[in-house]
Structures are given as structure tokens and as C-alpha cells.
Amino acid sequence: GKHISTARKPPRICVLGGGFGGLYTALRLDRLTWPEGKPEVTLIDKNDKFVFKPLLYELLNGGAEPWEVAPTFHDLLQQTDVNFRKAKVTGIEPAAADSTLSDDDSSRRETTSAGQVHLEGAESLEYDWLV
């Protein structure tokens, strides 16, 4: 008989916005132990830097360097498996409630996404979980 792979793709988690909540959520998701396998975490923000606003006054009075107050997401995430996308989100499109695919239909994809995040420039990312 025909062998159908039961291997699952890791779930895709899109975190929208790289403020305190988004950045620390992405970092925490990356550090957790995942019994079923680590998810693919993507942080999306319209800026390429995380601005630590409580220290902006230090930058103005010379008490801090720009990289201390506004490090790049690339630098903050380089020791992790978190993907970063610099993009503006233009919309969110949840999958239709009746779009679940059956496991026994081998002519279709084994899994489906929970929806898509639309980005400026007509690009979209599929997600399984959205934060």
C-alpha cells in the first residue's frame, strides 16, 4: 500500500508587534520546552528596532548609546530561533470554519493553516497561532 507520512510540520506562530509584549512573548515561546516539537515563531514589526522608551531621556542627556535604547530586532533575536520580518501588517484573514481538511484524503495537504497575516506589498504569511 501507499505510505502516508505522519510527520507534522511545526506549528507556525505569528507575533504581531515588537513592543514589550510581542518581543518578550516571542522570546519566551522560543525558550519553552515543546514536547511535540518547537514551533516556528515569527515576530512581525513595521520597524527594525525595539525602542526601549523608558531610556529615551538617557539618550537625550548623553547617558546611553543609541544601541542601548534602540537595539535592532536582528541583534536581539540572533541567539534564538525566532524569525523577524520587518513589515507593516495590512490585514488578518482567519481560515473559514469549514476549511479543515480530512486526514484520509491524500490528494490534499495534510494540514491547513488557521489563517493568513497580510503584509504591505501583497505578501502573506500563514499561521497556526496568532499573538
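The chain is numbered in sequence order, starting from 1.
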Check your understanding: Would Glu68 and Glu58 count as a side-chain contact (heavy atoms from CB on, under 4.5 Å) if you check the C-alpha gap in whole Å, the side-chain angles of each, and the deciding distance to 0.1 Å?
Key -> CA-CA 10 Å; Glu68 293 173 301; Glu58 289 283 350; over 6 Å; no
Shortest non-hydrogen contact from [X] to [Y]?
X     : Y      : result
Arg85 : Thr42  : CG-CG2, 3.7 Å
Val69 : Ala64  : CG2-CB, 3.8 Å
Lys49 : Ala70  : CD-O, 3.4 Å
Lys86 : Lys46  : CE-O, 3.5 Å
Ala95 : Ser113 : CB-O, 3.6 Å
Pro10 : Glu40  : CB-N, 4.3 Å

Exercise for review: Indicate, with yes or no, if Leu60 and Val51 share a hydrophobic cluster defined by side-chain heavy-atom contacts under 4.5 Å among Ile, Leu, Val, Met, Phe, Trp and Tyr.
Suggested key: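 No, separate clusters.
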Check your understanding: Can Leu32 be reached from Trp129 by stepping across I, L, V, M, F, W or Y side chains whose heavy atoms are under 4.5 Å apart?
Key ->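 They do share one cluster, since a chain of ILVMFWY contacts under 4.5 Å joins Trp129 to Leu32.
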Check your understanding: When rounded to the nearest 0.5 angstrom, what is the spacing between CG in Leu23 and CZ in Arg28?
Key ->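 That separation rounds to 14.0 Å.
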Review point. In Å, rounded to the nearest 0.5 Å, how long is the span from CG of Leu29 to OG1 of Thr80?
Key: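 So the gap between those two atoms works out to 11.0 Å.
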Check your understanding: Mind checking whether Asp30 and Lys38 have side chains closer than 4.5 Å, heavy atoms only?
Key ->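 SC-SC contact between Asp30 and Lys38 confirmed.
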Check your understanding: Should we count CD of Gln79 as having more than 12 external heavy atoms under 6.0 Å?
Key ->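 Open.
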Review point. Does the Thr90 side chain pair with the main chain of His118, one donor and one acceptor, at a distance under 3.5 Å?
Key: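 Confirmed, Thr90 side chain pairs with His118 backbone.
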Practice item. Kindly give the cluster partners of Tyr127, where membership spreads through any ILVMFWY side chain lying under 4.5 Å from a current member. Key: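 Other cluster members: Leu16, Ile44, Val89, Ile92, Val117, Leu119, Leu125, Leu130.
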Point to revise | For Leu43, the option from Leu77, Asn83, Leu27 that meets side-chain contact (heavy atoms from CB on, under 4.5 Å) | key: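 Of the listed residues Leu77, Asn83, Leu27, the side-chain contact (heavy atoms from CB on, under 4.5 Å) partner of Leu43 is Leu77.
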Check your understanding: Which of parallel (below 30°), tilted (30 to 60°) and perpendicular (above 60°) describes Phe50 and Phe52?
Key ->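 Correct class here is tilted.
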**Study point:** Residues in side-chain hydrogen bond (donor to acceptor under 3.5 Å, both in side chains) contact with Asp128, at least two apart in sequence or another chain
**Key:**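 Result, side-chain hydrogen bond (donor to acceptor under 3.5 Å, both in side chains) vs Asp128: Arg12.
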